[in-house]
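Before any comments, here is the structure.
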Amino acid sequence: MALAPTATQITVREVIARFEADFAAVARAIENGEFALWVGSGISRRAPDLGILIARAIEYLRVRAVEPATAATYLPALREAVELGGQDPAALEHRFTEPFATWPERGAIIDGAWNNYSRVLDIRVPGQANDFILWNAIDIRDAFANPAPPAAQHLCIAILILEGAVRTVASANWDGFIEAAVERLSNRLAGVLQVVVDPNQMREPPGRAQLLKFHGCIRYATQEPLVFRQYLTGSRTQIMEWPEAGQFAAMCNAVVNIATNQKALVLGLSIQDNNLQSVFSRAKQVNPWPWPCAPQAAAHVFCEDTIKQGQRDVLRIVYGDAYNDNVDDIHASSHLRAWAEQVLIALVLKLLAAKLVGFMTLFLDDAGKNPLAVPLTNSLHALRDAVADLATVDPADESRTRATVEGIALWSRLLSIFRTGALPAAPDAYEALSALPPYLVAGDANAQAMGLGRLAVGLALLQHGITTGHWTLDAPAGPEPGAGALRATATHPGAVERPVFLVKSATDAIALQSQGAFVNDNAIVVHGDDAWHRMVSATGSARRVRSAPGRTGHVGTTHISLGYLVEQCDNVDALQQAFVSELIL
């Protein structure tokens, strides 16, 4: 029997398969807003490396420890840092005059101090503030200056927020990647994300989602150190005192409330710190999570290669006596063996497919064509899985960020063209389907008025053509409007590449035409409604093919009215055949 893939090996498509099998209840609950995200440093590989920060602290102490004027103050601190790195300070005293970067023991010291990082931050220097190592020796503001762009994980969290699936994020991270991702994908729209670091921020107007940075925020601490420096939590003393310290009381109450009332999807957070374990313990006292949980989703899901000790501690705490007799079942339901990157991309794709299916089902029900829903849903799922296969690791940065960015751009282009007959106003922004979760899409009158159910039918039919070998689809050949939303090529020899546009109505097609989108006279325009068919049916063919396709290179603009095809076809085979016949490539 083949071994299950590790968290590194598992693909996005394989994660989706798990979301449709043993983690199906979890996926539905996440899509419908039942889960809060608990995130830690494991999702922020683009943040400053912990080893670099340790090295900065040691070098800062070393320079001052060998200066006669400051040696008495800094030498004890340097010795403590070396000892936390697992080395004997006396045996390395001869190295102290040399830059730390040249020490043969440098790697071993950093590795040893890595697991003692909170104690490194707790090293005290006489006459200095308690956070001196972090604020001055490491110079955490400088270390976090000029951050990299958000990675795939942060972009996907932003999408889940914009799509209404995630309302709460509890973050132990100091970085601003999630905020940057939301700002970028929302085109800096106000009111999307409420960031809370200082308790007073909880009293500000709420956003669609709330980000609780319970260990502080480097962006705020840099901009307003007098207010926000005190909330940067990292030393062991700070972590131990956090649950009881007055300055953190409001934040502590807020995260306990989250742990009490929302299920937890834990991403890149080991929960080894006592303050976090106390949060889940307090939540249990208020309203414990049940075991067994079926048919509901498990209350705590960890995205890791193996469940870490701190996470096992949480499971023991929250399930109490039930844990003893159900260890294997609890671990199986709580451990999704995949890293945050694959999990979050899979969640986005599954969420978008679920919404498209929801809108399509509503449209088909209204049209009296409910039997078409199941086979078209299967095609949408096939499209989703095909897109998931494109989410591959870029060897240059060893992540799926490039594929994610390209996917966001392609999706936003397609959806903007469909809705407005124009390219997205902000090229880096994300076009959301609906701000409501799937179980509420029936009440999203605006989204239904946009004809999103018809868009779903069009995408399903395009995917069916790929599955049956009639054509292939690729990204547009260029950024200009005339390149379309997609690029289609028939599978027969000599076929011509043609831009494909999906539009909700003839009005949007006319808007595209006014922008020169059809100037090459070879476009395929798939209309969501039947207005185009009604407009031109009196004059002959609504398709207007002007010459033999695939032979002269001049095929003419083809218009297809989905509304008309759905109305005329009583079964999916007839609809698929009619669509293929109309879309002659």
Side-chain angles (χ1 to χ4, degrees), residues 356 359-360 362-364 366-369 372 376 411-425 431 433-434 444-462 465 471 473 476 480-488 498-547 549 554-569 574-576 578-585:
L356 286 171
F359 286 122
M360 181 177 70
L362 290 169
F363 162 59
L364 294 175
D366 288 344
K369 304 289 182 176
L372 302 178
L376 290 177
W411 166 258
S412 298
R413 179 185 178 100
L414 182 151
L415 193 51
S416 180
I417 287 174
F418 179 83
R419 279 179 168 150
T420 68
L423 298 181
E431 290 280 336
L433 267 176
S434 167
D444 192 342
N446 289 333
Q448 292 183 58
M450 283 286 117
L452 295 177
R454 301 168 190 265
L455 171 64
V457 171
L459 291 173
L461 292 173
L462 286 171
W471 52 71
L473 290 178
E480 65 278 359
L486 298 165
R487 176 169 38 120
R498 300 179 66 185
V500 177
F501 300 82
L502 292 95
V503 297
K504 71 176 185 295
S505 69
T507 301
D508 304 300
I510 293 170
L512 284 164
Q513 189 171 20
S514 69
Q515 299 171 55
F518 311 146
V519 68
N520 292 328
D521 208 20
N522 69 337
I524 297 167
V525 188
V526 181
H527 297 250
D529 60 14
D530 65 347
W532 184 271
H533 176 84
R534 289 187 282 106
M535 285 170 55
V536 300
S537 59
T539 63
S541 172
R543 294 179 57 250
R544 297 172 65 186
V545 176
R546 299 181 181 174
S547 57
H554 182 77
V555 294
T557 299
T558 301
H559 292 268
I560 304 171
S561 294
L562 282 180
Y564 174 75
L565 295 183
V566 169
E567 180 184 349
Q568 296 300 307
C569 298
L575 177 62
Q576 291 164 343
F579 186 76
V580 170
S581 298
E582 289 285 312
L583 201 150
I584 293 177
L585 293 167

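Nothing here was measured: the structure is a model prediction, and the numbers come from that model. Counting from 1, the numbers follow the sequence of the chain as shown.
Taking the side chain to side chain donor-acceptor pair (under 3.5 Å) definition, one finds that Glu431 meets it with Arg419, sequence neighbours left out. Every residue was checked against the ring pair (Phe, Tyr, Trp, His ring centres under 6.0 Å) condition with Phe359, not counting sequence neighbours, and none meets it. Not counting sequence neighbours, the partners of Ser434 by the side chain to side chain donor-acceptor pair (under 3.5 Å) test are Asp444. Considering only residues two or more places apart in sequence or on other chains, Asp530 meets the salt bridge (Lys or Arg N to Asp or Glu O under 4.0 Å) condition with Arg534.
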Run the side-chain contact (heavy atoms from CB on, under 4.5 Å) check on Trp532 and Val525 step by step: do they pass? CA-CA 10 Å; Trp532 184 271; Val525 188; over 6 Å; no

Check the pair Leu583 / Leu462 against side-chain contact (heavy atoms from CB on, under 4.5 Å), numbers first and verdict last. CA-CA 10 Å; Leu583 201 150; Leu462 286 171; 4.0 Å; yes

Would Thr558 and Arg498 count as a side-chain contact (heavy atoms from CB on, under 4.5 Å) here? Give the steps. CA-CA 10 Å; Thr558 301; Arg498 300 179 66 185; 2.9 Å; yes

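The salt bridge (Lys or Arg N to Asp or Glu O under 4.0 Å) pairs that include a residue from residues 500-518 are Lys504-Asp508, where partners are two or more places apart or lie in different chains.
The CG atom of Asn522 sits 7.0 Å away from atom OG1 of Thr557, with the distance rounded to the nearest 0.5 Å. The CG atom of Leu486 lies 10.0 Å from the CZ atom of Phe501; values are rounded to the nearest 0.5 Å.
Contact record, Phe518 with Ala509: CE1-O, 3.4 Å, taken as the closest heavy-atom pair.
In this pair, His559 and His527 present their aromatic rings tilted. The plane angle is within the 30 to 60° band.
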